Novice: 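Sending over a structure as structure tokens; questions will come in a sec.
Note that the structure is predicted; figures quoted are calculated from it, not measured.
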2 protein chains.
Amino acid sequence: MTTSSIDQRVSLAVSTVIFALRPHPDTGLMTLWLPLVRRIREPYEGMWALPGGPLEADEDLAASAQHTLERTTGLAPNYLEQLYAFGNVDRSHSDTVGYRSSDRVVSIVYWALVRQDEVARAVDGENVEWFVADDLPPLAFDHAQIVDYALARLRAKITYTPIAHAFLPTEFTLADLRAVHEAVLRTTLDPANFRRQALATKTLVPTGTCLQGTSHRPPALFRFEAGAPTPAPEEQR
Amino acid sequence: MTTSSIDQRVSLAVSTVIFALRPHPDTGLMTLWLPLVRRIREPYEGMWALPGGPLEADEDLAASAQHTLERTTGLAPNYLEQLYAFGNVDRSHSDTVGYRSSDRVVSIVYWALVRQDEVARAVDGENVEWFVADDLPPLAFDHAQIVDYALARLRAKITYTPIAHAFLPTEFTLADLRAVHEAVLRTTLDPANFRRQALATKTLVPTGTCLQGTSHRPPALFRFEAGAPTPAPEEQR
DNA sequence: CCAAAAGTGTTATCTTTACACCCATGG
DNA sequence: CCATGGGTGTAAAGATAACACTTTTGG
């Protein structure tokens, strides 16, 4: 009952919403960025789209997302989670007219977190460009809604799951961690209360060392403690 | 970049975990049940599996889940949400040996809530049978893990989202609603506190009428108030 | 008038939030 | 010795949990 027929006009792709933090060009404040790829064929030729590709026959879904990430940024993700499977019949030709309805595509979309400083500069430039996540150009297909959804999920999840460290090096201060939360959520957070909440999660281990050269009291450095491994597919609460 | 090649050995299926409440055969307590379908071909012939089928070319994903539901129970779901896309290369031949690796199948799994009293008796019997969700026979493929995941999601979600009403008729008492929560979560809940919490969500509207003939004080009847419509694909928080 | 559940009230406890204040360093 | 964030303390406000108590029906 679960096996499927062979020749259907439905093809399967895996796309990935890749987030990184970098200063906003105008304000200088830390903001979310993501890489897009310029389409080189119809439909939506010339427009920007999420990186991705067809699912290979011998490839796991998450592996496909990882390969896309490697191709686009030159790195492995610090965090990777399935977002949603988008597969409505009409999603290829949403509001643009004039295109013949192409083959139907079901996209399984992942979202990932990487460190901007790790991104290989070399990969950039070709057909890949990074954009401020909240200020994107018009996107191909339904990718704008997908990004919105990924943003919502990231912002929700960072409030109840320790994923912020995925934007940071292995050792970091509580101010660093707080800066990530503030950038993602676009708020300011009380340093005192944030500290207590963060420590209460029991996911931070003090390294014992302090960061030096700060023109003020040296802040303690922490490391992220793995805790229990991921349970079911992904913890989505 | 998102479009896919044509002839890959990957086929797409949609399965659905359908939940309903019914008294437990031993204890008589309300419990979660779900329908399974007996497989009539290899692999896993004769074993029980989640209802589902191949995705039709002109069918939306959620529509496919609805059609499965209609076929299996004779009704439309009161609640339907995408659970996860399972697509690991090895998931067909998990731990059973002796089967040639069949075509690879990616399953997009939905979960649904229905009212047991609405289920058409007729549909039952054929190859469909209902089981206590926490006490299932061995299942085909990776369906046991999928059900576990669906159960976890339902139990998590009922605590912070008003979905319990999907098990109830349009008019119900707070005791009814509490009984649903207790059955799903397998606990007892304080009636006084439950009442306040439920009313605090602002999703319940009193009908003005009371249920009569109870051998005690007649409880007020409520109706579920839709509230804001579903935002992004599905609210997964 | 008794049992049983509906519904309201009250208090203790825990969590969240705001903000005062001391600490340690570089300049 | 001063500016700057690091780090601790604390009290008000809000949410949660436990449970006493009053209400309204059927038998």
Novice: Measure the distance from CG on A/L221 to P on D/dG6 and round it to the nearest whole Å.
Specialist: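 Answer to the nearest Å: 12 Å.
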Novice: To the nearest Å, how far apart are B/R196 CZ and D/dC19 P?
Specialist: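 Taking CZ of B/R196 and P of D/dC19, I get 14 Å after rounding.
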Novice: Base, sugar-phosphate, or nothing for A/A220, non-hydrogen atoms under 4.0 angstrom?
Specialist: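 Sugar-phosphate contact only - A/A220 comes under 4.0 Å of backbone atoms but never of a base.
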Novice: What's B/R178 touching, base or sugar-phosphate or nothing? Going by heavy atoms closer than 4.0 Å.
Specialist: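 Sugar-phosphate: the residue B/R178, judged by heavy atoms under 4.0 Å, touches backbone atoms but no base.
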Novice: Starting at atom CG of A/L204, determine the distance to atom C1' of D/dG6, rounded to an integer number of angstrom.
Specialist: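 Going from A/L204 (CG) to D/dG6 (C1'), I get 16 Å.
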Novice: Given atom CZ of B/F194 and atom P of C/dG7, what is their separation to the nearest angstrom?
Specialist: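 In whole Å, C/dG7 P and B/F194 CZ are 13 Å from each other.
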Novice: Starting from C1' on D/dG7, measure out to CG on A/L177 and report it in whole angstrom.
Specialist: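 Nearest whole value for this atom pair: 16 Å.
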Novice: If you assign each of A/A192 and A/Q212 to its closest nucleotide in DNA chain C, which residue comes earlier from the 5' end?
Specialist: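 The answer here is A/A192.
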Novice: Is the shortest side-chain N/O distance from B/R217 to OP1 or OP2 of D/dT23 below 4.0 Å?
Specialist: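 Indeed not, no polar side-chain atom of B/R217 lies that close.
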Novice: Any side-chain heavy atom of B/L113 sitting closer than 4.5 Å to one from B/L80?
Specialist: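 Contact flag for B/L113/B/L80 side chains = no.
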Novice: For the pair A/F224 and A/H165, name the ring-plane relationship: parallel under 30°, tilted 30 to 60°, perpendicular over 60°.
Specialist: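 Plane angle under 30°, so parallel.
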Novice: State which of D/dG9, C/dT17, C/dA6 makes the closest approach to the side chain of A/N193.
Specialist: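 My answer, after comparing the listed nucleotides, is C/dT17.
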Novice: If you check every side-chain atom of A/H216, which of D/dT10, C/dA5, D/dT4 has the closest atom?
Specialist: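 For the A/H216 side chain, the nearest candidate turns out to be D/dT4.
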Novice: Compare side-chain N and O positions of B/R195 against OP1 and OP2 of C/dT8 and report whether any pair is under 4.0 Å apart.
Specialist: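 Yes, within the criterion.
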Novice: Judged by modelled atom types alone, do A/R178 and A/T173 share a side-chain donor-acceptor pair under 3.5 Å?
Specialist: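 Per modelled atom types, A/R178 and A/T173 side chains form no pair under 3.5 Å.
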Novice: Send over the distance from B/F172 CZ to C/dA6 C1', rounded to a whole Å.
Specialist: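 About 16 Å, once rounded to whole Å.
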Novice: Contact between A/L139 and A/L36 at the side-chain level, heavy atoms closer than 4.5 Å - yes or no?
Specialist: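 A side-chain contact exists here, since the closest heavy-atom pair is under 4.5 Å.
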Novice: Within this structure, what is the CG-to-P distance between A/L211 and D/dT4, rounded to whole angstrom?
Specialist: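 Rounded to the whole Å, the gap is 19 Å.
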Novice: Heavy atoms under 4.0 Å, any strand shown: does B/A175 hit a base, just sugar-phosphate, or nothing?
Specialist: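 Result for B/A175 = sugar-phosphate.
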Novice: Please report, rounded to the nearest Å, how far the P atom of C/dG7 is from the CD atom of B/Q197.
Specialist: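 To the nearest whole Å, that distance equals 17 Å.
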Novice: Does A/A179 offer a backbone N or O that forms a donor-acceptor pair with the side chain of A/H181 under 3.5 Å?
Specialist: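 Looks like no, no N/O pair under 3.5 Å.
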